[in-house]
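Presented below is the structure to which this report refers.
Naming convention: chains lettered A, B, ... in sequence-line order (proteins, then strands); numbering from 1 in each chain. Heavy-atom basis, side chains included; hydrogens, waters and symmetry copies ignored.
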Amino acid sequence: MAKEITSREEDYSQWYIDIVKKAGLAENSAVRGCMVIKPYGFAIWEKMQAQLDKRFKETGHVNAYFPLFIPKSFLSKEAAHVDGFAKECAVVTHHRLMNDPNGTGVIVDPAAKLEEELIVRPTSETIIWNTYKDWIKSYRDLPLLINQWANVVRWEMRTRLFLRTAEFLWQEGHTAHATKQEAIDEAKQMQDVYAEFAETYMAMPVIKGLKSDSERFAGAEDTYTIEAMMQDGKALQAGTSHFLGQNFAKAFDVKFQNQNQKEEYVWATSWGVSTRLMGALIMTHSDDEGLVLPPKLAPIQVVIIPIPKANGVITEVVENIQAELKAKGISTKYDKDKKKQPGFKFAEYEMLGVPVRLAIGKRDLANGTVEVARRDTKEKFNLPLEGISDAIEKLLEEIQDNLFQKAINHRAENTTTVDTWDEFQEVLEKKGGFLSAHWDGTEETEEKIKEITKATIRCIPLDQPEEEGKCVFSGNPSKKRVIFAKAY
RNA sequence: CGGGGCGUAGCGCAGCCCGGUUAGCGCACCUGGUUUGGGACCAGGGGGUCGCAGGUUCGAAUCCUGCCGCCCCGACCA
């Protein structure tokens, strides 16, 4: 493993890439814009999945799976939806290859042209709503609460590992409801689920809000979002939950009979989070020494390193510690590798973001102690072997809390309330971060601000109190502050 | 799609301008030994269609032409 990571100060973007590569999370593949998620990165993703999946099921959802391919005609049934996705679709036109008659290799067999092209799903609303049409007849079939874990493809012009890749992994929930209110409640509920997961598991504070018209999902009435602040002050949309109104029901003719024997279109939501959360996790906590993982998502929570090398006595002590920790549900790794020196291992596990490191040598055996190092603060101290597992359990909780608190503080320090246009530009330029400002609610103003400053409205916060004010740009009256920021 | 950069061993690079022995270095890998409380050292060893295809030449990693790919920055997006 290479030793050097570009510092955040020197080049934040390169720092991010270095972390992803050197911590073995992912790498670029032979396919443009598509990444290989490596075992360590995937292990983190699996921990995220497990927690999210549990929460989806606790809120009454079930998993299913829909096809990767969508007939081209489906996509165009909802006007706003096709507008939003048409420009980034991969299209399947043929189903067979043949030997190249003029040389070596294979070519697409022209005789194998598909009658209707297939789109590789950029999202599954259309294929799912086409299916729901057959599943929903009565109010008794509602609500329909389904989630799928899948890959999707969006042919992005420019990609970045985890943050934006041409193919990415995600989950997409698609629900159908009898009433508007129920669908809105569902969309908000899932936003809450995402926020709770982000904060308690990823230790990443998020702002719950509503997207402005221009940032809304293609085909949605309202998009509920969770927005996080990265260490460079830029915003990252970490998850979205859409109230789709009756748009897809109308597009796919999905009606049900209510209790009064009247036919109605159903109300819909969709919601998703993706492997982008990996990027969010990295950019929220990591430092110039490597990845920093919150204990709740770390594949290895405690690494134990023998000093100078494993022997029978040390191994016996370590195995006891491991057994105690395992009983508490704490994952450990005992690195007995004799070829690598302790110093190398220290650096290596720091790179991997393992929250707690224990070192045990002769000195410790004599004193009945262990050397404990925490990844988040880089502090080292000795703890008695007696009761070590209780101490580590507490320490892991403390690290989890500390990371969250640090992230909250960082966000607070980089959130500025601004009231004038000069102030807006100056703060954005010199300090960055989130700007809480009044906005007149028009798309024109938002667009102009974006043109001039590159900052967009990240969200209209839900918990923001109403407050009379004047739009920071137009001076027109405004009732609420919104969050502006430059975004990933 | 615009701008920039890069394709040479698993990884990171030098060599190319100015063509000329067996294409080199660091890390990693293999063997042996000494080490080991913050990235060890010594000795020996294995590994290359120099991105692809043409061309120039006695001779091409190096010069010319075309192609392909990747990365970074911007416009578009989770």
Side-chain angles (χ1 to χ4, degrees), chain A residues 1-6 11-14 16-18 21-22 24 27-35 83-89 103-105 122-123 151-172 194 211 214-218 223 225-228 235-242 270-280 289-290 305-311 314 337-351 357-367 369-371 373 378 380 382 450-451 454 456 486-488:
Chain A
M1 193 161 297
K3 294 174 191 174
E4 261 148 60
I5 297 180
T6 308
D11 185 344
Y12 191 82
S13 167
Q14 190 58 47
Y16 174 79
I17 294 162
D18 285 352
K21 292 193 174 166
K22 290 180 180 165
E27 61 189 34
N28 288 301
S29 71
V31 183
R32 190 203 75 99
C34 296
M35 65 181 163
D83 278 356
F85 288 106
K87 281 176 287 185
E88 49 191 44
C89 285
T104 55
T123 179
N151 58 338
V152 287
V153 169
R154 296 185 188 172
W155 213 263
E156 300 287 350
M157 296 184 194
R158 197 162 112 51
T159 59
R160 301 186 72 187
L161 292 165
F162 289 120
L163 296 175
R164 183 172 301 105
T165 45
E167 178 192 13
F168 57 94
L169 305 184
W170 78 344
Q171 60 65 219
E172 46 181 328
Y194 289 154
K211 283 292 185 187
S214 63
E215 297 273 330
R216 186 189 297 142
F217 176 73
T223 290
T225 180
I226 56 170
E227 296 284 327
L236 186 79
Q237 178 174 308
T240 47
S241 180
H242 316 291
S270 68
W271 28 274
V273 293
S274 71
T275 36
R276 169 179 263 197
L277 288 180
M278 293 288 294
E289 273 73 52
I305 296 171
I307 308 285
K309 65 182 171 191
N311 62 36
I314 290 176
D337 191 342
K338 285 177 185 160
K339 292 211 61 185
K340 290 174 183 152
Q341 291 186 289
F344 182 90
K345 293 177 186 173
F346 292 173
E348 191 172 52
Y349 291 105
E350 278 162 15
M351 177 71 79
R357 179 183 77 228
L358 304 182
I360 301 181
K362 282 179 234 139
R363 219 156 61 196
D364 301 290
L365 290 180
N367 300 336
T369 59
V370 216
E371 183 190 84
K378 308 291 291 292
K380 281 202 287 197
N382 292 308
K450 185 180 177 182
E451 260 173 47
K454 294 197 176 137
T456 51
K486 289 184 188 167
Y488 276 99

Scan A/E350 against the nucleic acid and name what it touches under 4.0 Å (heavy atoms): base, sugar-phosphate only, or nothing.
base
Report the distance from atom CD1 of A/I307 to atom P of B/G38, rounded to the nearest whole Å.
8 Å
Does A/K21 contact B/G12 through a side-chain donor or acceptor facing the base, at a distance under 3.5 Å?
no
In whole angstroms, how far is the C1' atom of B/C77 from the CH2 atom of A/W155?
15 Å
Which part of the nucleic acid, if any, lies within reach of A/K362 when heavy atoms closer than 4.0 Å are counted: base, sugar-phosphate only, or nothing?
base
So what's B/U21 paired with, Watson-Crick or G-U wobble, going by both distances under 3.5 Å?
none
Interatomic distance, A/N28 CG vs B/C11 C1' [rounded to whole Å]
14 Å
How far does the C1' atom of B/A53 sit from the matching atom of B/G12, given to the nearest Å?
28 Å
Separation between the P atoms of B/U65 and B/C29, rounded to whole Å
43 Å
For A/Y16 and A/L161, indicate whether the former's side chain and the latter's backbone hold a donor-acceptor pair under 3.5 Å.
yes
Which nucleotide in the set B/C76, B/G39, B/C30 lies at the smallest distance from any side-chain heavy atom of A/K339?
B/C30
In whole angstroms, how far is the P atom of B/U36 from the CD atom of A/E348?
21 Å
I want to check something: taking the side chain as every heavy atom from C-beta on, are A/Y488 and A/Q237 in contact at a cut-off of under 4.5 Å?
no
Separation between the P atoms of B/U62 and B/G19, rounded to whole Å:
12 Å
Heavy-atom side-chain proximity of A/T159 to A/M35 below 4.5 angstrom
no
Between B/U21 and B/G33, how far apart are the C1' atoms? Round to whole Å, please.
36 Å
Among B/G37, B/C77, B/G38, the one nearest any side-chain atom of A/R154 is B/C77
Taken to the nearest whole Å, OH/A/Y488 to P/B/G74 is 10 Å
For A/S274, report the nucleic acid contact type (base, sugar-phosphate, nothing); a contact means any heavy atom under 4.0 Å.
base
Pairing check on B/A75: which nucleotide meets the Watson-Crick or G-U wobble criteria with it, both distances under 3.5 Å?
none
Tell me whether the OP1 or OP2 atom of B/G39 has a side-chain N or O from A/Q341 closer than 4.0 Å.
no
Say we look at B/G26 and B/C64: how far apart would their C1' atoms be, to the nearest angstrom?
34 Å
Salt-bridge test for A/R363 and A/E371: reply yes if a basic N is under 4.0 Å from a carboxylate O, no otherwise.
no
Here's a test of your reading of the structure: between A/E371 and A/T240, which maps to the more 5' nucleotide of RNA chain B?
A/E371
Complement of B/C6, any strand, by Watson-Crick or G-U distances under 3.5 angstrom:
B/G69
So what's B/G47 paired with, Watson-Crick or G-U wobble, going by both distances under 3.5 Å?
none
What's A/L163 touching, base or sugar-phosphate or nothing? Going by heavy atoms closer than 4.0 Å.
base
Would you call A/E350 and A/K378 a side-chain contact if the rule is heavy atoms closer than 4.5 Å?
yes
Where do A/T165 and A/E156 land on the side-chain contact (heavy atoms from CB on, under 4.5 Å) test, with the steps shown first?
CA-CA 7 Å; A/T165 45; A/E156 300 287 350; over 6 Å; no
With a non-hydrogen cut-off below 4.0 angstrom, is A/F168 in contact with a base, only sugar-phosphate, or nothing?
base
Sugar-phosphate only, base, or nothing, as touched by A/Q14 at under 4.0 Å among non-hydrogen atoms:
nothing
Under-4.0 Å salt bridge between A/E348 and A/R357
no
Rounded to whole Å, how long is the line connecting atom CZ of A/R164 with atom C1' of B/G74?
12 Å
Look at the side-chain N and O atoms of A/R158 and state whether any lies under 4.0 Å from the OP1 or OP2 oxygen of B/C76.
no
Whole-Å C1' distance, B/U8 and B/G69:
16 Å
Where the side chain of A/S13 is concerned, which of B/C73, B/C77, B/G37 is the nearest nucleotide?
B/C73
B/C16 to B/C11 separation - P atoms, rounded to the nearest Å
23 Å
d(CD, A/E156; P, B/C1) in whole Å
16 Å
With rounding to the closest Å, how many angstrom separate the P atoms on B/A40 and B/C1?
48 Å
Quick check: on RNA chain B, is the nucleotide nearest A/K378 upstream (toward 5') of the one nearest A/L236, or the reverse? Name the residue that is more 5'.
A/K378
In the strands shown, is B/A14 matched to any nucleotide by a Watson-Crick or G-U wobble pair with both distances under 3.5 Å, and which?
none
Counting only Watson-Crick pairs (N1-N3 plus N6-O4 or O6-N4) and G-U wobbles (N1-O2, O6-N3), all under 3.5 Å, who is the partner of B/C41?
B/G33
Rounded to the nearest Å, what distance is computed from the CZ atom of residue A/F85 to the P atom of nucleotide B/C76?
16 Å
Distance, nearest 0.5 Å, that separates CH2 of A/W155 from CD of A/E167
10.0 Å
Mind checking A/T159 for me? I need base, sugar-phosphate or nothing, with any heavy atom below 4.0 Å counting as a touch.
sugar-phosphate
